There are 2 protein chains.
Amino acid sequence: MATGRTHRPATRSRGIPEATVARLPLYLRALTALSERSVPTVSSEELAAAAGVNSAKLRKDFSYLGSYGTRGVGYDVEYLVYQISRELGLTQDWPVVIVGIGNLGAALANYGGFASRGFRVAALIDADPAMAGKPVAGIPVQHTDDLEKIIKDNGVSIGVIATPAGAAQQVCERLVAAGVTSILNFAPTVLSVPDGVDVRKVDLSIELQILAFHEQRKAGEEALALAEAEAVVEVSEESGKGPDGDVPAVMPA
Amino acid sequence: MATGRTHRPATRSRGIPEATVARLPLYLRALTALSERSVPTVSSEELAAAAGVNSAKLRKDFSYLGSYGTRGVGYDVEYLVYQISRELGLTQDWPVVIVGIGNLGAALANYGGFASRGFRVAALIDADPAMAGKPVAGIPVQHTDDLEKIIKDNGVSIGVIATPAGAAQQVCERLVAAGVTSILNFAPTVLSVPDGVDVRKVDLSIELQILAFHEQRKAGEEALALAEAEAVVEVSEESGKGPDGDVPAVMPA
DNA sequence: CATTGTGAAGGAGTTCACAGCA
DNA sequence: TGCTGTGAACTCCTTCACAATG
């Protein structure tokens, strides 16, 4: 779901599957918790439970990184933390800019987990001149006019867009032009970017809509189960196409 | 990625693939924009471009809903908006509660796109007694003590968790016990829930870590490309196992 | 002998390419 | 003629089940 376009066939890269990459942060979090409790080793079964995945999947995921476990014993927690951190590129420091310091942008700036793992909020940028200079989460907000300079001066390659939908594409283009190659988009828009730029999106309303779909389905199944229990099987199983009996031919607004 | 566990084999349900469900909101958004510009019909090619997917995929997705297009012409915008809305369950109203009114919770409460499509913030809940009664986004915050009553009085089935990680699992359990069956989790924790409850998670730091992985890979490829360009092919292609030459045998903190 | 690491089977999602239809 | 709808091929991911092994 991440980028859509894969980067390139990659000259015999040790291709870690995208699905695996997406789970590594989950494992890392679980491992970090174990590490803080000074647990020395952990089995695939235990770790899988903590991360909310199945153990075969976890073992296969780890097998892409190398053979870091010990048969009969499990995995060394500290060592795995290090290996996964390195694989994810968290042993280096990633300066990040957040563009759009509204409610959400401010919340992101204040988010603690940010700094914890290799990420550092290098700058906050907003288009509102009234915001300029005002500190948010201890960092002074800078004006959009200086975006390019800020990116370059700080060597930023990861940008977070938390602007209104209307501004997102333009901000995105400026970020990319200034050298950003990874974007985390909170604006409800599809961003188009050149090849080689990664975009991930976080979209509240999409998530809610997906939940609503399942919620509705549950209600439907409940009703169905009830009907079946009552053995009142009178469902006319044969509508031309659309799986659905009473739909207006034209929509009612 | 949503729930992990599928709901049940479903008595001959018209199984819309999960991947398709996850794209329907995207199509809906693009269609809504077209609708607002009074565009009457749209081809799979155009709509796919607007939604950022490929047209074959879009056509296959729509084929799961039914045959709503016209060959040689395209899709009727208004009709599709209605069909997708209905499929997603957006023709009804979904009361939602947000638990945890910190920076993020407040940002979510203020988020406009919320109300736009079938969702209504029925209540805001926080554990801090000092917050009680204080209005956020025009809605008075209520105390966690009343959580169960609030859920039941409002017939809430979708809950949003925006608490700190430590509180999330407990809040989740109370929500579920009170009747919530869909949860959108912003806390950086794995929630465990009984069967039949859907959880979707939104996790900033996971997204950033995934971006960092790709970012690091880009840097590596760049270096590789450079090396190749200089034709200095002196890569010793044979390290026992771990795809990596200089790793400390034990991690350095 | 408990637990990893992994071939092989199975399933889900994507893309191709073209038949079918307005 | 132009565009949809879809079987079939393909790629990616997950799960099974067991041989390998510290």
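Predicted, not measured: the structure shown is a model, and the values here were computed from it. Convention: sequence-line order gives letters A, B, ...; per-chain numbering from 1. Note that these values count all heavy atoms, side chains included, but never hydrogens, waters or copies made by symmetry.
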d([atom1], [X]; [atom2], [N]) in whole Å:
X	N	atom1	atom2	answer
B:K57	D:dC12	NZ	C1'	12 Å
A:L80	C:dT4	CG	P	11 Å
B:L58	D:dC3	CG	P	14 Å
B:K60	C:dA12	NZ	P	14 Å

Applying a 4.0 Å non-hydrogen cut-off, can you work out what A:G72 is touching in the nucleic acid: base, sugar-phosphate, or nothing?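 Counting heavy atoms under 4.0 Å across all strands, the contact made by A:G72 includes a base.
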
Looking at the side chain of B:S43, which of D:dT4, C:dT6, D:dC13 is the nearest nucleotide?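 So the side chain of B:S43 is nearest to D:dT4.
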
Report yes if a side-chain nitrogen or oxygen of [X] is closer than 4.0 Å to either non-bridging phosphate oxygen (OP1 or OP2) of [N]; otherwise report no.
X	N	answer
B:Y75	D:dG5	yes
A:R23	D:dT14	yes
A:S44	C:dT4	yes

Do B:R71 and D:dG2 have a side chain to base donor-acceptor pair shorter than 3.5 Å?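 Between D:dG2 and B:R71, which were checked side chain against base, a qualifying N/O pair under 3.5 Å is absent.
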
Salt bridge flag under 4.0 Å for residues B:D198 and A:R217: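 Salt bridge absent between B:D198 and A:R217.
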
Should we count CD of A:E45 as having more than 12 external heavy atoms under 6.0 Å?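 Result for CD/A:E45: open.
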
Between B:L28, B:L34, B:L90, which is the residue that forms a side-chain contact (heavy atoms from CB on, under 4.5 Å) with B:V81?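 One option only clears the test, and that one is B:L28.
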
